[in-house]
**Q** 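A single structure is presented below for examination.
Below, chains carry the letters A, B, ... as their sequence lines are ordered, and counting in each starts from 1. Note that the structure is predicted; figures quoted are calculated from it, not measured. FYI, side chains are in, hydrogens and waters are out, and symmetry mates aren't considered; it's all heavy atoms of this structure.
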There are 2 protein chains.
Amino acid sequence: MSNPRKPAPAGAEHAPLELEHFLPYRLSILSNTVSQAIADDYQRKYDLGMTEWRVMAVLARFHGLSAREVAERTAMDKVAVSRALARLVEAGRVHRDTHDGDKRRSVLSLTEAGWLIHDDVAPMARAREREVLQKLDPDEQQWLTRILDKLQPVAQK
Amino acid sequence: MSNPRKPAPAGAEHAPLELEHFLPYRLSILSNTVSQAIADDYQRKYDLGMTEWRVMAVLARFHGLSAREVAERTAMDKVAVSRALARLVEAGRVHRDTHDGDKRRSVLSLTEAGWLIHDDVAPMARAREREVLQKLDPDEQQWLTRILDKLQPVAQK
DNA sequence: ACGTTATAGTTACATTTGAAACTAATAGCA
DNA sequence: TGCTATTAGTTTCAAATGTAACTATAACGT
C-alpha cells in the first residue's frame, strides 16, 4: 500500500486548511471514536441508544428528576429527552410519576430492571474510559482534565 | 436561580457515573460546540453542510482525488462523501471528471466558484479555531496538541 | 377571579445519517 | 479468454435528530 500522494495546488495562494491539524476536526473524530467504542458495549446487548444511556446515568445519580432537569444534566434538548424517556418507560427501565403539586412535571426514577442494566453498563463505560486514558502518561491526563475544564465554559452556552 | 440539588440515591452501592467528569461525554459536548460554532459561519451564508465543507477543504489541498480518496482524507464514509459530492457538483462548486484508465473512478476538483467559497470560509474557520485555542495558555495549547497526537491512533481504526 | 404569559412535555414534519443492497467497471487467475 | 472476486460509487430504506407547532398546566398581574 504505497501512500498515494497528490500534488498541492499549483498557484498555492489559496492557503487550504490542513484538516488533520485542525482542532475541531480532530476533536470530532476523537469524540466519535471514543463514544462509539463505549456505545458498542451496550447498544446491541440492551438495545439502548446513547441518549437513553445518558438519561439512565443521571437518573442513577439523582432521584425524582423531571424531564427538564434531565435535559439540563445531560445537555440534551427536551425533545431528545422526551423520546429517550418514552422508550425507557416503554421498556420498563424507567418509572414515570406525576409531580404532586404540578401536574405538568414528571417524577422519574430507574426501575429494578433499569438498575440492573445500569449496574452492568456503568463499569463497562468506566473501563473504556480508562482504556483511552491509559494511552496517556499521568501528567498528560492531568493536563487534559485541566484543558477540558478550561474549555468547558465555551461549550455550556 | 438556586441550584436545584437532588439527593444522591439512598443505598448508594450503585456507583453511578458522573457524567460531567466522564471523558467521552465531555469530549462530545466540546466537539459539538466547537464544530457548530464554525459551521454557523458558512452554513447559512452558503447553504453548505459540514460534510460538504470538509470535502471542499481536502479538494483544495489535493487535486484530482477520487471519491474514495476524499473519504480517506476526511474520515467520512463513502456514502456521506457521495452525497456531499452530489450536492457540490449540483451547485457547481466541484467539477467531476472520469479517470482516464479507470471509468469507475471520478477525478475531482474545485471549480472557480468552489475556490471563491473556500477562500472565504477557510480563514473564518481558522479564526474560530484560534478563538477556542486562545482560551488556553501557550503551554496548555502545546499539551493539547501532544495529547491529541497520542490519542489520534485510537481514532484511526 | 380573569386574561395573559410562561413552562413541561409531546407530536408532527422535514432533514440527516447509517447500513445494506445494488450497478458498473476493473483485477486476478485458471 | 472467461469466470470470479474486488473496488468505486450510488441508491434505497430505516433509524436518529432538529425545528416548530401544539396541549396541558401553572404563574403572574391586575
Side-chain angles (χ1 to χ4, degrees), chain A residues 1-2 4 28-29 31-33 35-37 39-40 42-44 46-55 58-59 64-91 94-108 157, chain B residues 1 4 28-29 31-33 35-36 39-40 43-44 47-55 58-59 64-91 94-108 157:
Chain A
M1 261 177 231
S2 76
S28 120
I29 291 184
S31 164
N32 288 342
T33 313
S35 285
Q36 201 46 54
D40 285 347
Y42 54 75
Q43 216 121 45
R44 290 181 180 262
Y46 293 113
D47 183 30
L48 187 69
M50 189 180 64
T51 56
E52 290 161 54
W53 164 244
R54 285 187 182 169
V55 169
V58 302
L59 291 181
L65 292 186
S66 69
R68 187 185 56 75
E69 290 169 319
V70 169
E72 280 174 9
R73 300 260 179 202
T74 54
M76 292 162 55
D77 79 75
K78 63 178 185 171
V79 178
V81 170
S82 172
R83 285 196 268 239
L85 283 172
R87 286 206 71 201
L88 289 169
V89 170
E90 164 68 27
V94 165
H95 178 74
R96 171 154 48 189
D97 256 332
T98 300
H99 188 98
D100 272 358
D102 185 346
K103 289 176 203 159
R104 292 171 305 178
R105 270 179 222 175
S106 47
V107 176
L108 303 161
K157 53 148 190 319
Chain B
M1 260 177 230
S28 121
I29 290 182
S31 165
N32 289 342
T33 313
S35 286
Q36 201 47 53
D40 285 347
Q43 215 120 44
R44 288 180 183 263
D47 184 27
L48 186 70
M50 188 180 65
T51 57
E52 290 161 55
W53 164 245
R54 285 187 181 169
V55 169
V58 302
L59 291 181
L65 291 185
S66 68
R68 188 185 55 76
E69 290 169 319
V70 169
E72 280 174 9
R73 300 259 179 204
T74 53
M76 292 162 55
D77 77 76
K78 62 178 185 171
V79 178
V81 170
S82 172
R83 285 196 267 239
L85 283 171
R87 286 206 72 200
L88 289 169
V89 170
E90 165 67 27
V94 166
H95 177 73
R96 171 155 47 190
D97 256 332
T98 300
H99 187 98
D100 273 358
D102 185 345
K103 290 176 203 157
R104 291 170 307 179
R105 268 179 226 176
S106 47
V107 176
L108 302 161
K157 54 152 183 312

**Q** Calculate the interatomic distance between A:Lys78 atom NZ and C:dA12 atom P; express it in whole Å.
**A** 16 Å
**Q** Tell me: CD of B:Glu52 to P of C:dT15, nearest whole Å?
**A** 14 Å
**Q** Assign A:Lys103 to base, sugar-phosphate, or nothing according to its heavy-atom contacts below 4.0 angstrom with the strands shown.
**A** sugar-phosphate
**Q** Hey, which sits more toward the 5' end of DNA chain C by its nearest nucleotide, A:Leu108 or A:Arg83?
**A** A:Leu108
**Q** Rounded to whole Å, please give me the gap between CZ in A:Arg68 and P in C:dA6.
**A** 16 Å
**Q** Quick one: label A:Val79 by what it contacts on the DNA or RNA (base, sugar-phosphate, nothing), any heavy atom closer than 4.0 Å.
**A** base
**Q** Check whether any side-chain nitrogen or oxygen of B:Thr51 sits under 4.0 Å from OP1 or OP2 of C:dT16, and answer yes or no.
**A** no
**Q** Nearest nucleotide by nearest heavy atom, which residue falls closer to the 5' end of DNA chain D, A:Arg87 or A:Asp102?
**A** A:Arg87
**Q** Could you check whether B:Gly49 gets within reach of a base, just the sugar-phosphate, or nothing at all, counting any heavy atom under 4.0 Å?
**A** nothing
**Q** Can we say B:Arg73 and B:Glu69 salt-bridge, meaning some charged N sits less than 4.0 Å from an Asp/Glu carboxylate O?
**A** no
**Q** Measure the distance from CE on B:Met50 to P on C:dT15 and round it to the nearest whole Å.
**A** 19 Å
**Q** Calculate the interatomic distance between A:Arg44 atom CZ and D:dA15 atom C1'; express it in whole Å.
**A** 14 Å
**Q** Atom CG of B:Asp77 and atom P of C:dT16: how far apart are they, to the nearest Å?
**A** 16 Å
**Q** By nearest nucleotide on DNA chain C, pick out whichever of A:Leu85 and A:Arg104 is the more 5' one.
**A** A:Arg104
**Q** B:Leu65 and B:Leu59: which non-hydrogen atoms are nearest, and at how many Å?
**A** CB-CD2, 4.2 Å
**Q** Would you mind reading off the distance between B:Asn32 atom CG and D:dT17 atom P, rounded to a whole angstrom?
**A** 11 Å
**Q** Classify the nucleic acid contact of B:Arg96 as base, sugar-phosphate or nothing, counting any heavy atom under 4.0 Å across all strands shown.
**A** sugar-phosphate
**Q** Would you tell me if any nitrogen or oxygen in the side chain of A:Arg105 comes within less than 4.0 Å of OP1 or OP2 on D:dA27?
**A** no
**Q** Compare the minimum distances between each of C:dT11, D:dT17, D:dG9 and the side chain of A:Ser82, then state the nucleotide with the smallest one.
**A** C:dT11
**Q** To the closest 0.5 Å, what do you measure between CG (A:Leu108) and CZ (A:Arg96)?
**A** 7.0 Å
**Q** What integer distance in Å separates A:Gln36:CD from C:dT17:P?
**A** 15 Å
**Q** Consider only side-chain N and O atoms of B:Gln43 and B:Asp47, and report whether a donor and an acceptor are under 3.5 Å apart.
**A** no
**Q** Just by distance, no angles: are the side chains of A:Ser106 and A:Arg68 close enough, under 3.5 Å, to form a donor-acceptor pair?
**A** no
